[in-house]
Each structure stands twice: as structure tokens, then as C-alpha cells.
Amino acid sequence: MTLHIFNTLTRQKEEFKPLVPGKVGMYVCGMTVYDYCHLGHARAFLAFDLIVRYMRHIGLDVNYIRNVTDIDDKIIQRANENGEPFLNLVDRFANAMNDDFDQLGIERPTHEPRATAHIDDIIKLVQTLIEKEYAYAVPNGDVYYRVRKFEGYGKLSGKVLDELEAGSRVGVDSDKEDPLDFVLWKAAKPEEPHWDSPWGIGRPGWHIECSAMSTCCLGDTFDIHGGGPDLKFPHHENEIAQSEAATGKTYANTWIHAGALRLGAEKMSKSLGNFFTIRDILEKYDGEVVRFFLISSHYRSHVSYLDNSLDEAQAKLERFYNALQEANVGEAVDIDNEYSKRFHAAMDDDFNTPEAIAALFDLVREVNKTTGDEQAALAGQLKYLGSVLGCLQADPQTFLQAGAGDDAAWIEEMIAKRIAAKKAKDFATADAVRDELVAKGIVLKDVPEGTSWSKS
RNA sequence: GGCGCGAUAGCAAAGCGGUUAUGCACUGGAUUGCAAAUCCACGUAGGCCGGUUCGACUCCGGCUCGCGCCUCCA
């Protein structure tokens, strides 16, 4: 089976055929860095991490571009509130983002361009659009995109211009020719961050930077453009309008959008205020647990975060790690068997992680049922297929004992005490020791080699 | 108002026009001094109403409910 991807643009699954066989150019809209990332951000970027990992796994050479938006109204506002230069703020939160993503096993993109490093490209693009009459400058120095001039407007999101206007909550801006026109270049006040331009000092609008950076890194037409669900409109629609008007060529062939993360019934979002940050969660749970929770549902569907979501993900991972701990894990390579076939068929079908994980659970059962070389080989396969998902690479004992804090020495003492009691057939004492440990959340496991423990 | 998505067993979550999804939880058994881990057994789930079909959770229509986008948002 070949890789099939659901294309938002055509609203169907399509066989994926890169422009250049074996190579993939992929652009994903990244973070605007003025605050810590929340779990909803993790959901989206994890989805694309998985997509990139899998494409590389099947031999595609992926050039993965994920930008950082480092200039925008919120950044300026927050920097002012803090009384710090905006680039200071931006660096701080870009670093925080990378730290958080690292813990979730989200691999770094091939390139991470920043808007402020592409001001020249942005200005050139705006100039081209003005020359082609897709954009116009107004007296105060703003430049707007003439939305009605672009025939294909709405093709990605399914919006119809006249209906947008009818229900528009956009205030009428007297300088715009049309209320739906959006800003490409914003005039700046002298005290705000700004760059020189043919239209006076100013800064780029939000949508234009992605058009400039994607084309810059990947060419006029590239394979995949992705982003969070809330970027489909207007951001991605505007990117298409800008780029295709400027180049006269197709912008991106395949559009991928991740599903939203919900807290209860509602989307987790900054504007609703119903979010918690990745680092809040990482104080209580291992990054792999968060990762496994988020990849346990399909990347395009909504995921609801519930009180027990992470505990459930933890329990599932424990099943994997218990198997890996018991087995003598062989070399991490794939085996041509039904588990591999199911795993790959699922992933080839629009990155169906729940189905792929189901195959892995069946493989776990097989690992637990077998012994010796056969078991070692299957356990190696489990570890290998897990690596494709960015999971199961931790030391099993470390994973299973995580959260025990500094109690390890005390636990070993208690275990020694219990083993002595058992030898003396003093089962009452042995059980009392174990009960004391259980009360602290420590579970003992007697194995042929002795006694091991894990955090419950 | 416009456009779109979803509703699966106690919980989470997939595929599929007819044959066990999967995980957790539950129950019984094996194993264990007792446990834990593991294995075996165990659930006629598919919002409601029609239609198509020999047969529908799966296709079509309607309804109800929930959600998203249309404003910055991953």
C-alpha cells in the first residue's frame, strides 16, 4: 500500500505523490512566541511530528520547515507590559517552546525560519502583489490585499466571499476598499518595532510572512502545507491568495490540518482562557505519557482532554514497558510479519495511529506469550515500531519507576527486609513490608531473578 | 445566518456492507506462600426515524444533540 493523505483542499484522501520522487517539502505554521505553549499546541505539532517521522520511516527525504512568528501585535504588547525588548521576549519563549517540545519527543524541524529574518523577502512579495494589482497601499502606510481580485479565494476553507461579508464581524475600516481585505504591511509608530519599506516604516502583517518563508525555503510550489485547525481560515486561505496571485502557480499541493484539542466540550484556546501549559502537565506526567495520549486518537479528529486521560495513557504505556522489561529485547528491527503489515497499512492510510497502536498491542501479547529468541526478536520489533511513533524508547525500569522520587534506597532496604522475611517463612512480616510499600504507591513484583518494583 | 465536523459498549478509541478491533475497568480461571506482571475466558456497542440491500454500526435521506470556523488563536 502506498501513503494516502487526507487533503483539506480536495476534502478527500489522495495517494501522496511528491513533486520530486523521494523528496518532500513541507511547511507548517509554527508558534507566535509570546507565552508558554499549551496542550492544544502540543496536539497540533505532535501530529506533524508524527507525519514527518512516518514519511522519513518509509524512506522519504523530508525538508520540514516550521516557522517562528517573532513579530506581531501580541508580542509587542506583551513586551511593553514586561518592559523588555520584543526580541528578548521572543527568544525566551522560543527556547521554552523547544524545551517543551523536546520533552514531548517532537523533533526539531529541518529549518525554523523567523519572520524578522525575512523582511526583505516579505517586502519584495508585497511589491509584486502591488505591481500585479492584487494589493494597494493607503495613505497612512498600510498595504492591503485586494481579496475580491483573487478568483480562487475560499477554495481551501469553503467560504464564500459574499456570505463572509454578510456575517462579518470585522469593523469597517475606512482605508480599505473592502472590509474583507487584509493587511500585508502595517504602518508602525516610531516607538514600535519597525523596518523601512517603500510605504514608510512598518512591520509585516501576519499572513504574508508564511507566504514569504515557505516559498523562500521550498520554492513557489511545494508538497505539503500544514497547521492547526484554526488556521484554515483566514490564515491559510490568505496565504494561498498571496502566493498564487504573486507566482501564478499552485502554492501547496496537499493541505493537512490537525484536529482541535478540547477541554471538556470546548476547544482549548488562549482566547477562551481554558488552557494549561505543557510545562504544567510535565510536572506531573512524563512527556511520553502526554505524547501517547495525544497520538492515541487520529490526528484529524478532536481530542477531548479528560481528568483521567493521562492516567489512561500511562496505563497503556505500562503494558508496553512491562513487556519490554520482562523480555530480553533483541535488536530493534522490523520483522516481516502480520504486525508489521498491519502497522504500516494503518499508517499508510492517512497516518492512522489508533489502528497502528492496536497492532502494537497485539504484538505485545505475542511478546508476552513467547520466550527465548523468538521473544527477543518480537520485543525488538516492538521497540522498533514504537520508535516510528516516537515512543517506547525509554529504559523500561526507568519508565516504570518514574515518580518514586528519592525513595529508591529506602525501597531497596524494604525489599531486602521482605526477602529475608520470606526466607524465614515469616510471611506476615513479608506482607506487612509490601503493604507499607503499597501505601506509598510502590508495587513489588517477584521475578525469578529477585524482586523488582514499580510506581503504581 | 453561512460553511463544515462529529454522535460506537462502563471509559477511551478504530476499521469494516455479512466473519474477535484495540487499551483500560469489571468478572471467572491459570500462575504465585500471598501478590504483582502475564496468559486464558468473558461484553449482540454503534443517538433517533425512515430508505436501499438477501444482509447496515458501515451506503442514502430526515431529525435530535454536541462541536468547530466565519475576529487573534495550533
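Chain A is the first sequence line, chain B the second, and so forth, proteins listed ahead of strands; every chain is numbered from 1.
- The residue among Ala323(A) and Ser304(A) whose nearest nucleotide of RNA chain B lies closer to the 5′ end is Ser304(A).
- For the pair Glu436(A) CD and rA35(B) P, the computed distance is 20 Å after rounding to whole Å.
- For the P atoms, the distance from rA45(B) to rU19(B) is 15 Å, rounded to whole Å.
- Distance noted for atom C1' between rA12(B) and rC69(B): 27 Å (whole Å).
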- [ ] Check the pair Phe276(A) / Tyr305(A) against ring pair (Phe, Tyr, Trp, His ring centres under 6.0 Å), numbers first and verdict last.
- [x] CA-CA 11 Å; Phe276(A) 35 77; Tyr305(A) 176 87; 5.0 Å; yes

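- Phosphate proximity of rC39(B) to Asn368(A): present, with a side-chain N or O under 4.0 Å from OP1 or OP2.
- At a threshold of 4.0 angstrom between heavy atoms, the contacts of Asp311(A) with the nucleic acid are absent.
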Listing time: all N or O pairs from protein to nucleotides 22-28 of chain B that are below 3.5 Å?
unit_1	atom_1	unit_2	atom_2	d
rG23(B)	OP1	Arg365(A)	NH2	2.8

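- Judged by distance alone, the side chains of Glu366(A) and Tyr339(A) do bring a donor and an acceptor atom under 3.5 Å apart.
- A gap of 11 Å separates the C1' atoms of rG46(B) and rA56(B), to the nearest Å.
- Applying the side-chain contact (heavy atoms from CB on, under 4.5 Å) criterion to Val364(A), with sequence neighbours excluded, gives Arg319(A), Phe320(A), Ala323(A), Asn368(A), Leu382(A).
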Pairs of donor and acceptor atoms involving the side chains of residues 63-72 of chain A, under 3.5 Å and at least two apart or interchain, shall be tabulated with distances.
unit_1	atom_1	unit_2	atom_2	d
Arg66(A)	NH2	Glu112(A)	OE2	3.4
Asn67(A)	OD1	Tyr27(A)	OH	3.2
Asn67(A)	OD1	Gly30(A)	N	2.7
Asn67(A)	ND2	Thr69(A)	OG1	3.3
Asn67(A)	ND2	Glu209(A)	OE2	3.1
Thr69(A)	OG1	Glu209(A)	OE2	2.6
Asp70(A)	OD1	Ala115(A)	N	3.4
Asp70(A)	OD1	Thr116(A)	N	3.0
Asp70(A)	OD2	Thr116(A)	OG1	2.6
Asp72(A)	OD1	Lys74(A)	N	2.9
Asp72(A)	OD1	Ile75(A)	N	2.9

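- Rounded to an integer number of Å, the gap from CG of Asp230(A) to P of rA74(B) is 7 Å.
- Set against rC34(B), rC73(B), rA13(B), the side chain of Arg434(A) has rC34(B) as its closest nucleotide.
- Shown here are the side-chain contact (heavy atoms from CB on, under 4.5 Å) partners of Lys417(A), two or more places apart in sequence or in another chain: Val433(A).
- Listed nucleotides rC34(B), rC72(B), rC73(B) differ in distance to Lys74(A); the shortest reach to its side chain belongs to rC72(B).
- Put simply, the side chain of Asn352(A) and the base of rG15(B) share no donor and acceptor less than 3.5 Å apart.
- Distance, His298(A) NE2 to rU8(B) C1': 17 Å, rounded to whole Å.
- Cation-pi geometry between Lys270(A) and Tyr34(A) is met: under 6.0 angstrom from the ring centre, within 45 degrees of the axis.
- Taking atom C1' on both rG61(B) and rA41(B), the two are 43 Å apart, rounded to the nearest angstrom.
- Separation of the C1' atoms belonging to rU32(B) and rG47(B) is 46 Å when rounded to the nearest angstrom.
- Comparing the P positions of rC24(B) and rC39(B) gives a spacing of 9 Å, expressed to the nearest Å.
- Residue side chain Lys267(A) does not reach the base of rC67(B) through any donor-acceptor N/O pair under 3.5 Å, judged by distance alone.
- Interface remark: the Arg418(A) side chain does form a donor-acceptor pair with the rG33(B) base, using a distance-only criterion of under 3.5 Å.
- Between the P atom of rC16(B) and the CD atom of Glu355(A) lies a distance of 8 Å, rounded to the nearest Å.
- Rounded to whole Å, the separation between the C1' atoms of rG17(B) and rC60(B) comes to 13 Å.
- Nearest-nucleotide positions on RNA chain B place Leu444(A) closer to the 5' end than the other of Leu231(A) and Leu444(A).
- Nucleotide rU71(B) holds its C1' atom 12 Å from the CG atom of Leu272(A), rounded to whole Å.
- For Lys369(A) and rC40(B), the shortest distance from a side-chain N or O to OP1 or OP2 is below 4.0 Å.
- Under 3.5 Å, the side chain of Asp435(A) and the base of rC34(B) form no donor-acceptor pair of N or O atoms.
- Across all strands shown, Ser271(A) has heavy atoms under 4.0 Å from base atoms, whether or not it also approaches the sugar-phosphate.
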TODO: Go along nucleotides 41-48 of chain B 5' to 3' and tag each nucleotide: B for a protein heavy atom under 4.0 Å from its base, S when only backbone or sugar atoms are that close, - otherwise.
DONE: --------

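- Rounded to the nearest Å, the gap between the P atom of rC3(B) and that of rG10(B) is 36 Å.
- Between Phe182(A) and Tyr144(A), the ring centre distance reaches or exceeds 6.0 Å.
- The separation between Phe101(A) atom CZ and rA74(B) atom C1' is 9 Å, rounded to whole Å.
- With a 3.5 Å limit on both pairing distances and Watson-Crick or G-U wobble geometry required, the stems of 3 or more pairs in RNA chain B span B:1-7 with B:64-70, B:10-12 with B:22-24, B:27-30 with B:38-41, B:47-51 with B:59-63.
- Counting any heavy atom pair closer than 4.0 Å across all strands shown, Ser309(A) reaches no nucleic acid atom.
- Ile419(A) has its CD1 atom 18 Å from the P atom of rC34(B), to the nearest Å.
- No donor-acceptor pair under 3.5 Å is formed between the side chain of Ser243(A) and the backbone N or O of Ile240(A).
- For Trp206(A), a side-chain nitrogen or oxygen approaches OP1 or OP2 of rC73(B) to under 4.0 Å.
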